[in-house]
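Okay, structure first, notes after.
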Amino acid sequence: MTANLLEFDLEGLALFCERLGEKRFRATQLFRWIHQKGASSFGEMTDLAKSLREKLLVSAHVKGLDVISQHVSSDGTIKWLFDVAGGDAVEAVFIPEDNRGTLCISSQAGCAVGCRFCSTGHQGFSRNLRTGEIVAQLWFAEHFLRRHLGRDERIISNVVMMGMGEPLQNYSELLPALKVMLDDHAYGLSRRRLTVSTSGVVPMMDRLAQDCPVALAVSLHAPNDELRSNLVPLNKKYPIEELLAACNRYLQHAPRDFITFEYCMLDKVNDQSEHALQLVDLVRKHSTGGVWCKFNLIPFNPFPESGLLRSEHNQVLAFAKILSDAGIVTTIRKTRGDDIDAACGQLAGDVNDRTRVDERMAQRRTVMLRPVRSFDENHEEI
Ligand code: SAH
Ligand code: SF4
């Protein structure tokens, strides 16, 4: 079997070139062709020596993921469903804003953490994505958007690992993928524009701090262990005190940064003023001086099996006010892509529903991808 070059970070690609009897610097050229120009055939890599191209033809390939469907929301958000074989599918979402373009990508098919308010968690775990499958989501989205917008400059400025899966439970595949995203010869994202979101896998937060201290978002969702263990089962293993201590250790490796705490607002479950006051105590207790954390309140996106409801808007505002009056920087997340189910926790690869993926694949074979004409087109599907 030949190697898929999307699996490699620059160091991995340099080793691969060495194994072919080539100089390491060839890897940089190759890396640029693949990630900066979106090339997938060696024939178009015109400044590579013909002898190298011939070696690559027999030993390597560049293969992204098949797109099962594409939806474009009225607010410009685009959601792609990718086939990752074996009946599994994962999603990525592009969110255009005035001064940036954010891509939200998946790290696993399904998720083993099983949070009560998350539809991915309700589906269960299918498998870890490989490095190449994580990178392929960005590779596809960036070059697709450039072609369809007719632009030659970078479109995706921020990446958040907030799609399906718990990235820190797939650490060995995640790390090279993050390195590709940060590499100046590839996507050149700055460390602060690449966010890993975790439900709190404490040992891996420490590893990430050492290996690649990108921006960290921690899904907190509750101010005490009893409630958090009920919502995020992983809390039984890594309770709040340990989690917040790990956050502080993380910041020692990421000076002048802050942790973003995500807090999904669930009606009458975790949205009362007593919960906000408990959060204030927690933040003060763990403060090392200055702003060390921010809160992002996420209106819950309901789905039937959860049995949970979205908090009233006034309740969210009141909750935010308690936090901000206590000096804690707090934002309320705008929901984007509502009309295409692209919002947090609604990403549904249907890992257990193989027939549905198969059906979509069958449809895909008969209908060609229509070009995206503009961002405000509704419900574009393949
Ligand atoms: N597994 C990681 C990253 C993926 S989930 C994590 O849990 O952090 C990304 C974010 O979406 C998390 O903050 C998660 O709590 C939130 N989320 C999940 N389901 C949601 C839902 N139904 N409504 C709103 N936010 C949700
Ligand atoms: Fe997994 Fe994150 Fe969903 Fe929890 S919220 S089940 S950790 S994807």
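Computed from heavy atoms alone, side chains included, the values below leave out hydrogens, waters and symmetry copies. Counting starts at 1 for both ligands and their atoms, in listed order. Because the structure is predicted, anything quoted here is derived from the model rather than measured.
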Atoms of ligand 1, numbered as shown, that sit under 4.0 Å from any heavy atom of Glu262: 10 (C), 12 (C), 13 (O)
Atoms in ligand 1 with a heavy atom of Cys118 nearer than 4.0 Å: 18 (C), 19 (N)
Which of the ligand 1 atoms, numbered from 1, are nearer than 4.0 Å to a heavy atom of Gly163: 4 (C)
Nearest neighbour in protein (non-hydrogen) for atom 2 (Fe) of ligand 2: Gly165 O, 4.5 Å
Spacing of CG belonging to Asn230 relative to CG belonging to Asn270, to within rounding of 0.5 Å: 10.5 Å
Protein N/O/S count near atom 4 (Fe) of ligand 2 (criterion: distance under 2.8 Å): 1
Numbered atoms and elements of ligand 1 in range of Thr198, under 4.0 angstrom, heavy atoms: 6 (C), 8 (O)
Atoms of ligand 1, numbered as shown, that sit under 4.0 Å from any heavy atom of Met161: 3 (C)
Contact with ligand 1 for His221, non-hydrogen, under 4.0 angstrom: yes
Contact (N/O only, under 3.5 Å) between Ile298 and ligand 1: no
Aromatic ring pairing His122/Phe303, orientation class (parallel under 30°, perpendicular over 60°, tilted between): perpendicular
Parallel, tilted or perpendicular: ring planes of Phe140 versus Phe144, cut at 30 and 60 degrees: parallel
Under 3.5 Å side-chain donor-acceptor pair for Gln29 and Arg32: no
side-chain contact (heavy atoms from CB on, under 4.5 Å) involving Ser157 - partner list, sequence neighbours excluded: Arg100, Arg193
For atom 1 (N) of ligand 1, the option (of Ser199, Gly200, Gly165, Cys264) bearing the nearest heavy atom: Gly165
Donor on one side chain, acceptor on other, Glu166 and Thr198, under 3.5 Å: yes
Under the side-chain contact (heavy atoms from CB on, under 4.5 Å) test, residues paired with Arg256 that sit two or more places apart: Arg192
Residue pairs involving residues 273-302 (criterion salt bridge (charged side-chain N to carboxylate O under 4.0 Å, His left out); sequence neighbours excluded): Glu241-Lys285
Tyr187 and His143 aromatic ring geometry - parallel, tilted or perpendicular at 30°/60° bounds: tilted
Pair His61, Thr2: side-chain N/O donor-acceptor within cut-off below 3.5 Å: yes
